[in-house]
S.K.: 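Quick one: this structure, given as structure tokens, is what I'll be asking you about.
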2 protein chains.
Amino acid sequence: MTTGPAGSAGATVMDNLAMRISARADYAVRAALELAAAGDDTSLKAEAIAEAQGIPHKFLEGILGDLRRGGLVVSQRGGKGGYRLARPADSIPIADVIRVADGPLVSVRGVRPPDLSYTGPAESLLPLWIAVRANVRKILGEVTLAHVAAAKLPDDVLSLADDPEAWTNP
Amino acid sequence: MTTGPAGSAGATVMDNLAMRISARADYAVRAALELAAAGDDTSLKAEAIAEAQGIPHKFLEGILGDLRRGGLVVSQRGGKGGYRLARPADSIPIADVIRVADGPLVSVRGVRPPDLSYTGPAESLLPLWIAVRANVRKILGEVTLAHVAAAKLPDDVLSLADDPEAWTNP
DNA sequence: AGATTTCCTATCGAATTACTAGGGAAGTGT
DNA sequence: ACACTTCCCTAGTAATTCGATAGGAAATCT
């Protein structure tokens with residue numbers, strides 16, 4: 001499995017992180033992509049998705065439950081059961097998947113930017129966080145499951161990722 | 001998440017967060033802004049900064065220690081002691097402050113994007129995370145302490161924050 | 001009925017976060 | 001020299017969160 005053992009020996013150091021995509025969000029997106037690739041009328045079993053993407057299957061079940069409650073997938077129990085997307089893949093932005101699985105996209109100290117208040121020289125911090133959030137939203141709201149599943153990201157996103165400097169460490 | 005379907009009004013839920021600025025990072029930036037506003041040759045005591053920004057002062061001391069070890073501030077002990085910026089405020093991007101206080105800016109499941117590998121329909125996920133990261137870096141690397149302390153954000157950042165839609169909830 | 005697969009609840013350990021406590025080291029003013 | 005101030009360092013801790021697991025009840029198909 002190329003994805004790195006989900007829970008065990010992955011990263012050497014667990015750093016503090018200013019911005020992180022959680023395992024939940026990552027798994028949720030990958031599961032949704034698997035469903036997008038399967039097509040609108042084929043339904044996949046949780047176990048199949050888990051195996052394909054190297055996700056602990058009981059953990060995945062919980063995540064798929066969230067996606068269902070969030071209205072992104074529909075499920076069917078029983079012998080021929082499984083999950084499939086509730087809407088066409090090109091109408092589901094990645095942002096939706098992350099939000100449903102993980103809550104708001106961006107927050108500061110557990111508070112959403114518009115609810116913060118700063119004083120003194122920090123007053124302009126709020127517009128800054130808002131700008132960052134707007135930017136993240138723009139990207140993740142523009143890119144859909146269909147884009148990623150087809151490996152055809154929009155040009156403006158691709159050009160961001162093409163900058164070699166974007167791939168360096170710090 | 002386990003919160004009722006979509007938007008059940010005002011309940012404050014402490015969700016998981018896809019992207020968060022931690023208290024450490026937020027405090028670090030605000031402290032640095034106080035120092036930027038004080039000027040290059042005035043030094044402020046930890047206690048004064050703590051009071052001005054409403055930060056627990058013992059907690060802040062630890063953060064200031066990180067900033068010092070990261071070379072962003074210099075300190076002086078004793079009666080006339082305190083902290084001041086090690087460099088001019090317009091040469092310190094917000095990104096530097098956050099990184100020093102909190103580690104790498106962006107990561108996925110505790111792993112930095114370039115170290116991930118995805119399979120199947122999730123293959124294009126990596127360039128997407130990279131694009132998001134590049135974008136966040138671009139903003140936080142461009143905006144300096146001087147910008148924020150003077151309440152004069154660069155135009156391209158301001159225009160992002162000016163979009164009224166950027167301030168809405170989800 | 002019987003097999004299958006989702007769905008629900010409960011729990012767990014380990015890590016992380018935000019913060020507190022206490023004391024030692026370095027510097028200043030009298 | 002002496003007291004006083006302020007930074008500096010090490011530990012510790014309570015609460016929360018994260019990732020993951022277990023067992024069984026409910027629904028659906030053949």
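Chain letters run A, B, ... following the sequence lines, proteins first and then strands; every chain starts at 1.
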S.K.: Glu61(B) side chain: which of dC9(D), dT6(C), dT28(C) is closest?
M.R.: dC9(D)
S.K.: Starting the side chain at C-beta, find the nucleotide from dA22(D), dC8(D), dC19(C) nearest to Tyr27(B).
M.R.: dC19(C)
S.K.: If you check every side-chain atom of Phe59(B), which of dG19(D), dC29(D), dA18(C) has the closest atom?
M.R.: dA18(C)
S.K.: Pick the nucleotide of DNA chain D nearest each of Leu64(B) and Gln76(A); which residue has the one closer to the 5' end?
M.R.: Leu64(B)
S.K.: Using only modelled atom types and a 3.5 angstrom limit, is any donor from either the side chain of Lys58(A) or the base of dG19(D) paired with an acceptor on the other?
M.R.: no
S.K.: In terms of side-chain heavy atoms of Arg77(B), which of dC7(C), dA26(C), dC8(C) is nearest?
M.R.: dA26(C)
S.K.: So which nucleotide from dT6(C), dG19(D), dC8(C) ends up closest to the side chain of Arg68(A)?
M.R.: dC8(C)
S.K.: I want to verify a distance call: between dG19(D), dA18(C), dC8(C), whose nearest atom is closest to the Arg24(A) side chain?
M.R.: dG19(D)
S.K.: Quickly work out the Asp66(B) CG to dA18(C) P distance and round it to whole Å.
M.R.: 13 Å
S.K.: Rounded to whole angstrom units, what separation is found between the OH atom of Tyr83(A) and the P atom of dC7(C)?
M.R.: 4 Å
S.K.: Is the number of heavy atoms from other residues, nucleotides or ligands within 6.0 Å of CD (Glu51(A)) greater than 12?
M.R.: no
S.K.: Of all the nucleotides listed (dT20(C), dG29(C), dC7(D)), which has the minimum atom distance to the side chain of Pro56(B)?
M.R.: dT20(C)
